[in-house]
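Structure first, commentary second.
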Amino acid sequence: MIREHLPVLQVVLPLVAAPLCLLLMRSVWAWLLAFIVSLAALVISIVLLREVYAGEVLSYAIGGWAAPWGIEYRVDAVNAFILIIVTAISVVALMFAKTSVAQEVAGDKQGLFYTAWLLCLTGLLGIAVTGDAFNLFVFLEISSLSSYVLIGLGQDRRALTASFQYLVMGTIGATFILIGIGLLYMVTGTLNMMDLAARLAVLGDSRTVQTALAFLTVGIGLKLALFPLHLWLPNAYTYAPSAVTVFLAATATKVAVYMLLRFLFQVFDASFTFGAMPLGGFLAVLAAVGILSTSTVSIFQDNIKRMLAYSSVAQVGYMVLGISLVSSAGLTAALLHLFNHALMKGTLFLALGCVAYRLGSVRLGAIAGLGQRMPWTMAAFLVGALSLIGIPLTAGFVSKWYLILAAVERGWWPLVVVVIAGSLLAIIYVWRVVEMAYLRPPPEKLSVTEAPLSLLVPTWLLAGANVYFGVDTQFSVGMARQAAALLTGSSG
Amino acid sequence: MIPLSHYLVLSGILFALSMIGIFLNRKNIVILLMAIELLLLSANMNFVAFSHYLGNMSGQVFVFFILTVAAAEASIGLAILIIVFRNRQSINVQDLGSLRG
């Protein structure tokens, strides 16, 4: 009975719990509710994944209205994969949030904080699960609006300006997506993604469809911080509360990458987006320039959070690079990196959250000798950093390996060089932190101790996942491969 | 009967105006918010015109959703703006540049 309603429950549960969170006066209760709801969402997404793992597609018509007219929720291997990432990260980040947020956000605002968190979760899950283009826009706005609030709650006064900057850029992006969807609606008269795909295939090429593609690509590019459109991201990640940075860095851009995949490969035909339109080369160049330039910029950052934020832009570049290869192997690499990047950036930002909890600062100068004072925290950071570089036996290695294989398969040797150069640059910026933490003596009067267990446990959960998925790649590679086959299959 | 292209040109003009407002505006953040609203309105204009010429009402329903979203957007933007103003006594775009470091 309840099984068939799972696709919609996934979204409705956090949506209904969000206002309840606001009503609970005590912040502990609000946290507990948010945590239980995320956990429930994780369980639902695991059940969904098991059902679609065999290649099945679950379709759910909201309110019983059949697909092309009503809103349809579709779960297949691609979005089941995304759902797992989003819900798992939300659970881990909320475990971390209890202690961290209690310190960083004023007591009376904590109820609001968890409300916004659940709304953001609703939006992200909704984008992943919906099969309706307009519904996607609404969920996009739900997640964006709540993430502006979450970022704005940061301790630093500059959090507000960062949030405002994100609001301006994010709204422009969302409006571009909306205009694109509007143009598609004009040529086809439908908004259901499957229906859109079917009708666009019949209609063929026209200037309206081309414009729609352009608007959608730029709009989603803004949301996923594709290289020249990434300017909002470093500030937003730097000044947001630690737990929020973890959550957004590991999920928000991933969901945007998912949107890009859905539109480029399923709504439009891959032969149109990459054959008739020169989008493949365009994305590849942007991604390559993005990887090199943002990796270089992150070497010169003094604030470690900002450094990792720039590195996030570079990592998004790897995903887009995989997409631009337009092959099953390239998509596998992109999806794999999507999963692995959520793990490694999650670990890194969680470890930084521990540092911020004890030190109150994440500047490079402040962490001198921290390897001795907070050994567990810095060890987790090290695991995440190794994964970020792509050392064998960590998750990062697996996805970069697949990316290189995919580039070689297409014979695009310059991209192989870019990927390796990006990893070398990553060694440089990570080394600055490692050197500061391990090789410098701690200041005499520095009396910090190891972070509390409530922060260390989630950090090590993700750090462990980095190693686990670096060794046992059966789940991640299998899932990515299946999702890639689904995306290219329906377009071929 | 006014042809569809007229509506599209109008929404194109609105779009261009808001882009100018966003990128050339060097003074006032409130104008920035207004330009964003205008951007959403130009999208609305498209939806209404398309829905009229397609004879399909759903486009007009969406406009209500978009209006709601635009209102939420503006309220969050203004809320941030008020706190920023309290902190700095200024709503100059240049002050948004003080994020370095």
Side-chain angles (χ1 to χ4, degrees), chain A residues 69 116 132-135 137-138 140-142 144-149 151-152 156-191 208 211 215 231-232 234-236 238-239 301-303 306 363, chain B residues 4 8 11-12 15 18-19 22-23 25 29 32-33 35-51 53-56 58-59 61-63 65-66 68-70 72-88 91 93 95-101:
Chain A
W69 295 280
D132 183 278
F134 192 80
N135 202 226
F137 166 75
V138 174
L140 177 70
E141 281 297 312
I142 291 178
S144 310
L145 288 171
S146 44
S147 62
Y148 307 145
V149 175
I151 291 167
D156 199 299
R157 273 163 70 189
R158 284 171 292 188
L160 284 171
T161 14
S163 165
F164 192 82
Q165 207 180 29
Y166 182 25
L167 182 133
V168 172
M169 301 290 263
T171 310
I172 296 173
T175 315
F176 270 53
I177 294 173
L178 183 66
I179 293 174
I181 292 173
L183 290 170
L184 286 181
Y185 170 65
M186 186 184 87
V187 281
T188 60
T190 181
L191 283 166
T208 321
T211 319
F215 269 110
L231 292 171
W232 56 269
N235 289 326
T238 310
Y239 299 117
Q301 297 307 317
D302 181 39
N303 186 322
R306 183 179 280 268
R363 294 205 162 274
Chain B
L4 178 60
L8 293 185
S11 101
F15 180 82
S18 59
M19 276 295 142
I22 290 166
F23 289 109
N25 168 28
I29 299 186
L32 203 62
L33 276 181
I36 289 176
E37 289 299 296
L38 209 58
L39 196 64
L40 280 162
L41 284 183
S42 76
N44 267 347
M45 191 83 199
N46 272 350
F47 266 104
V48 171
F50 294 158
S51 126
Y53 282 87
L54 282 171
N56 176 337
S58 50
V61 178
F62 297 144
V63 168
F65 281 100
I66 301 171
T68 321
V69 164
E73 205 97 64
S75 60
I76 290 185
L78 284 173
I80 294 176
L81 206 62
I82 288 169
I83 308 177
V84 170
F85 182 71
R86 263 197 218 144
N87 286 343
R88 303 178 183 223
I91 49 168
V93 172
D95 294 351
L96 280 180
S98 59
L99 283 164
R100 310 268 159 261

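Being a predicted model, the structure only gives us computed values, none of them experimental. Residue numbers begin at 1 in each chain, while the letters A, B, ... track the order of the sequences.
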Residue from A:Asp156, A:Ile181, A:Ile172 scoring the most non-hydrogen pairs under 4.5 Å with chain B is A:Ile172

The interface call for B:Ser18 against chain A, heavy-atom contacts under 4.5 Å, is neither

Across all chains, not counting sequence neighbours, the side-chain hydrogen bond (donor to acceptor under 3.5 Å, both in side chains) partners of B:Asn44 are none

Value for CG (A:Leu160) from CD1 (B:Ile83), rounded to nearest 0.5 Å, stands at 5.0 Å

Under 4.5 Å to a heavy atom of chain A? For B:Thr68 that would be neither

Cut-off 4.5 Å, heavy atoms of chain A, and the answer for B:Leu54 is side chain

The interface call for A:Phe134 against chain B, heavy-atom contacts under 4.5 Å, is side chain

Cut-off 4.5 Å, heavy atoms of chain A, and the answer for B:Ile76 is both

Comparing B:Leu81, B:Asn46, B:Leu33 against chain A, the one with the most heavy-atom pairs below 4.5 Å turns out to be B:Leu33

CG of A:Leu178 to CG of A:Leu140, rounded to nearest 0.5 Å, is 10.0 Å

Residues passing the ring-ring contact (aromatic ring centres under 6.0 Å, His included) test with A:Phe215, sequence neighbours excluded, are A:Phe176, B:Phe15

Counting heavy-atom pairs under 4.5 angstrom with chain A, the leader among B:Phe50, B:Phe65, B:Tyr53 is B:Phe50

Would a 4.5 Å heavy-atom cut-off, applied to side chains only, mark A:Thr171 and A:Tyr148 as touching? yes

Rounded to the nearest 0.5 Å, the OG1 atom of A:Thr175 sits from the CG atom of B:Leu40 at a distance of 4.0 Å

query = Do side-chain atoms of A:Ser146 reach the backbone of A:Ile142 as a donor and acceptor pair under 3.5 angstrom?
reply = yes

If one checks every heavy atom of A:Val149 against chain B at 4.5 Å, the contacting part turns out to be side chain

